[in-house]
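Below is one structure; the comments refer to it alone.
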Amino acid sequence: AAAKPNDAETLLYLGNAYTIAKRPEEAKATYGKLMSVDAKNPFSQIGVARINAIGKNAENTVAALQSAIKLSKKKNPAIYRWAIATLLMLDKPNTELAIAWGTKATELDKSDKSYMALGDAFYASQNAGKAVSQYEYAIEKNKTNPEPYYKIGVIWVQAKNEDLAVKSLKQAITLDPNFAPAYRRLGDFYYNTYRFNTATANYEKYMQLGEPSLEDWMQYANSLYLAEDYEKAITTIQDIIKKDASKNYLNRLIGYSYYKTEKYAEGLDFMAKFMENVPADKTLNSDYEYYGKLLLKNNKPDEAIPLLNKAYEGDTSKKVRADIAGLIADHYSDQKNYPEAIKYYELKISNLEKPVAQDFYDLGGTYYSSKDYKKADSLFTLVVNLRPDATVGYIWRAKSNARLESNENPSGLAKPHYEKFIEVATKDPETFEKQKKNRIESYNYLAYYYYKTNDYVNARLYCQKVLELDASNAQATNIIKAL
């Protein structure tokens, strides 16, 4: 028995759903059923055309579509609409033919569906203005259909007209809160305008309501990463890899995400896999950076440092260069390789637009550890200038200057800095309590200085301050005895 037109069209809709979901084999199987049911049904010829379109055979696609139109006696607007949609599946569709078929459809049937089909034909011919006009005609015919609003929104997204894009897409969602494609396009719009949290929320809605493809899931993972939701990015990528591990890019993204969450061992496994499989001309500078960082965190400095240096040299961003130089400097400092640490801390500072006190403190501390106390003092002076309210610059200026003095006969170079440290520490009771060790050092220095300069009253005073904090302090006890 011949299939009824409605039954045949139902199979087309099912096949189309598989096509949209990028499941071509299931789509072709569904379209193929049409021929076995009724080869002379025009909808069956649409199925043949769609099988050819999936196979990118333009000539056979057009021939089958023309056969479908002929079988419909050129009187069925639905056939014209399906013909346009099928034609537009091709990489280089004949848009003039699509427009002609769309015009015929609107002559036969002035419905929202026919105007949308003609709008699609104009859109494919890159005539956005005429496409919008047809979609607006469709809205006039059916104000409850979300699709023309969605299609107008897509055009405004591409035109980067935020107000009209968001308004149209949100109108589609208002008419049908379950209209998944609108969430996808809103996600793209917010993603391309760097509003990654909002983009992610819309992608998430699309994932719940639509039939997301692998590319959709990858885009969602990208958005999660850029929204700094690294944990969710990791779980999403893990789920994708379970289904399809062919996309090496995902190894990069999950490797970066693991670094951000301080799961360095896991991150290194994925970055190593990524670097093994990525072509040299597809390697980003950030790949060397993150692979180097992960190697460094996994105690593989001999492999890490060359990669980090390569990333440093290849990056034009001063912020990134500063970050890389700082990591290398921290490593050399931990290894007590002070010349190399100094070199990289200085590189870090040279790339910072506005170095902060911590940057000068790190470099100053390295010079101090390498026993260049004069240079250390000059850097701790910068710390004081940037943070006059903090004790750290004063105490380290004091320590540096104390090292520049004779132990036997202190000249007082460090004296004003220890005194300033005490003054600033005293202003904050909490800081004052936490600074017990540095207070003892300060009082001891001042007690000894006054003792050596024969000011025994102040010497005794500072010895007593030391002994209040450390009753068995040897230096203070000996000075008291000497007095």
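- Side chains of Asn16 and Arg50: a donor-acceptor N/O pair is present below 3.5 angstrom, by distance only.
- Neither side chain, Ser125 nor Asn127, offers a donor N or O lying under 3.5 Å from an acceptor on the other.
- Put simply, NZ on Lys92 and CG on Asn94 are 13.0 Å apart, with the number rounded to the nearest 0.5 Å.
- Remark: the backbone N or O of Ala311 is not paired with any side-chain donor or acceptor of Asp315 at under 3.5 angstrom.
- Between Trp82 and Tyr13, the ring center distance clears the sub-6.0 Å criterion.
- Side-chain atoms of Ser44 and Tyr31 include no donor-acceptor pair closer than 3.5 Å.
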Requested in this report: Show your reasoning for whether side chain to side chain donor-acceptor pair (under 3.5 Å) applies to Asp330 and Tyr345.
Outcome: CA-CA 8 Å; Asp330 289 343; Tyr345 278 133; 2.6 Å; yes
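- A distance below 6.0 Å separates the ring centres of Tyr150 and Phe179.
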Query raised in the report: Between Leu363 and Ile342, is a side-chain contact (heavy atoms from CB on, under 4.5 Å) present by the stated rule, with each step listed?
Result: CA-CA 6 Å; Leu363 182 56; Ile342 287 167; 4.1 Å; yes
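- Checked by atom type, the side-chain pair Tyr203/Asp188 shows a donor-acceptor distance below 3.5 Å.
- One N or O on the side chain of Thr103 and one on the backbone of Ile99 form a donor-acceptor pair closer than 3.5 Å.
- Taking CG of Asp359 as the reference point, atom CG of Asn351 lies at 11.5 Å (rounded to 0.5 Å).
- More than 12 heavy atoms of other residues, nucleotides or ligands shown are found within 6.0 angstrom of CD on Glu215.
- Counting non-hydrogen atoms of neighbouring residues, nucleotides and ligands closer than 6.0 angstrom, the CZ atom of Arg195 exceeds 12 such neighbours.
- Within a 6.0 Å sphere centred on OH of Tyr137, other residues, nucleotides and ligands contribute 12 heavy atoms or fewer.
- Side-chain contact of Asp216 with Ser213: a donor-acceptor pair under 3.5 Å is present, judged by distance alone.
- Between the Asn401 side chain and the Arg397 main chain, a donor and an acceptor come within less than 3.5 Å of each other.
- Here CD of Glu313 is found 9.5 Å from CD1 of Ile324. Values are rounded to the nearest 0.5 Å.
- Judged purely by atom type and a 3.5 angstrom limit, Ser400 has no side-chain atom pairing as donor or acceptor with the backbone of Ala376.
- Proximity of a side-chain donor or acceptor of Asp229 to a complementary backbone N or O of Tyr225 within less than 3.5 Å is not detected.
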Query raised in the report: Stepwise, does the salt bridge (charged side-chain N to carboxylate O under 4.0 Å, His left out) test hold for Lys300 with Asp302?
Result: CA-CA 6 Å; Lys300 297 183 177 181; Asp302 292 343; over 6 Å; no
Requested in this report: Applying salt bridge (charged side-chain N to carboxylate O under 4.0 Å, His left out), run through Glu289 and Lys310 and close with a yes or a no.
Outcome: CA-CA 8 Å; Glu289 176 193 348; Lys310 187 170 186 175; over 6 Å; no
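- Contact record, Leu347 with Ala325: CB-CB, 4.0 Å, taken as the closest heavy-atom pair.
- Using a 3.5 Å distance cut-off with no hydrogens or angles, the side chains of Asp244 and Ser246 do pair a donor with an acceptor.
- Looking at Asp112, its side chain never comes within 3.5 Å of a backbone N or O of Ile139 through a donor-acceptor pair.
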Query raised in the report: Under the salt bridge (charged side-chain N to carboxylate O under 4.0 Å, His left out) criterion, do Lys273 and Glu276 qualify, and how do the steps go?
Result: CA-CA 5 Å; Lys273 190 184 294 183; Glu276 282 171 17; over 6 Å; no
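- Interatomic distance, Tyr230 OH to Ile254 CD1, rounded to the nearest 0.5 Å: 14.5 Å.
- Using a 3.5 Å distance cut-off with no hydrogens or angles, the side chains of Asp120 and Tyr135 do pair a donor with an acceptor.
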Requested in this report: Give the intermediate values and the outcome of side-chain contact (heavy atoms from CB on, under 4.5 Å) for residues Ser111 and Arg81.
Outcome: CA-CA 11 Å; Ser111 69; Arg81 292 195 295 263; 3.9 Å; yes
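- Because its NZ or CZ atom is both nearer than 6.0 Å to the ring centre of Trp217 and within 45° of the ring axis, Lys243 counts as a cation-pi partner of that residue.
- Residue Lys113 holds its NZ atom at 9.5 Å from CG of Asn142, rounded to the nearest 0.5 Å.
- Nearest heavy atoms, Tyr394 versus Val384: CE2-CG1, 3.4 Å.
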Report task. Quick one: do Glu228 and Phe196 satisfy side-chain contact (heavy atoms from CB on, under 4.5 Å)? Show the steps, please. Result -> CA-CA 9 Å; Glu228 300 181 6; Phe196 300 115; over 6 Å; no
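- The nearest pair of heavy atoms linking Val424 to Pro388 is CG2-O, 4.3 Å.
- Looking at heavy atoms from C-beta onward, Asp287 lies in side-chain contact with Leu284 at the 4.5 angstrom threshold.
- Residues Thr61 and Ile51 fail the side-chain proximity criterion, which asks for heavy atoms closer than 4.5 Å.
- Between the side chain of Ser223 and the backbone N or O of Gln219, no donor-acceptor pair lies under 3.5 Å.
- In this structure, Lys263 is not positioned above the aromatic face of Tyr258 in the sense of NZ or CZ being under 6.0 Å from the six-membered ring centre and within 45° of the axis.
- The line from NZ of Lys151 to OG of Ser168 is 14.0 Å long, rounded to the nearest 0.5 Å.
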Query raised in the report: Please walk me through it: do Phe360 and Phe380 pass ring pair (Phe, Tyr, Trp, His ring centres under 6.0 Å)?
Result: CA-CA 7 Å; Phe360 294 118; Phe380 294 133; over 10 Å; no
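- Listed by chain and residue number, nothing satisfies the salt bridge (Lys or Arg N to Asp or Glu O under 4.0 Å) test with Asp362 (two or more places apart in sequence, or in another chain).
- Tyr190 has its side chain within reach of Val166: a pair of non-hydrogen atoms, C-beta onward, lies under 4.5 Å apart.
- Looking at Asp377 and Tyr367, their side chains never bring a donor and an acceptor atom within 3.5 Å of each other.
- Donor-acceptor pairing under 3.5 Å is recorded for the side chains of Asp428 and Thr431.
- Ala221 and Ile240 make their closest contact through CB-CD1, 4.5 Å (heavy atoms, listed as atom of the first residue, atom of the second, distance).
- For the residue pair Asn438/Gln435, the side-chain donor-acceptor check at 3.5 Å is satisfied.
- Across every non-hydrogen atom of Pro212 and Met207, the tightest pair is CB-SD, 3.4 Å.
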Query - From CA spacing to verdict: side-chain contact (heavy atoms from CB on, under 4.5 Å), Glu211, Arg23 - result: CA-CA 11 Å; Glu211 293 192 25; Arg23 292 156 66 180; 4.0 Å; yes
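- Pairing each heavy atom of Ser333 with each of Thr366, the nearest pair is OG-OG1, 4.4 Å.
- Annotation: cation-pi geometry satisfied between Arg321 and Tyr312 (NZ/CZ under 6.0 angstrom from ring centroid, within 45° of ring axis).
- In this structure, Lys293 is positioned above the aromatic face of Tyr290, its NZ or CZ under 6.0 Å from the six-membered ring centre and within 45° of the axis.
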Requested in this report: Step by step, work out the salt bridge (charged side-chain N to carboxylate O under 4.0 Å, His left out) result for Lys141 and Glu136.
Outcome: CA-CA 9 Å; Lys141 295 296 178 181; Glu136 287 173 343; over 6 Å; no
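- With salt bridges taken as basic N to acidic carboxylate O contacts below 4.0 Å, none links Glu231 and Lys260.
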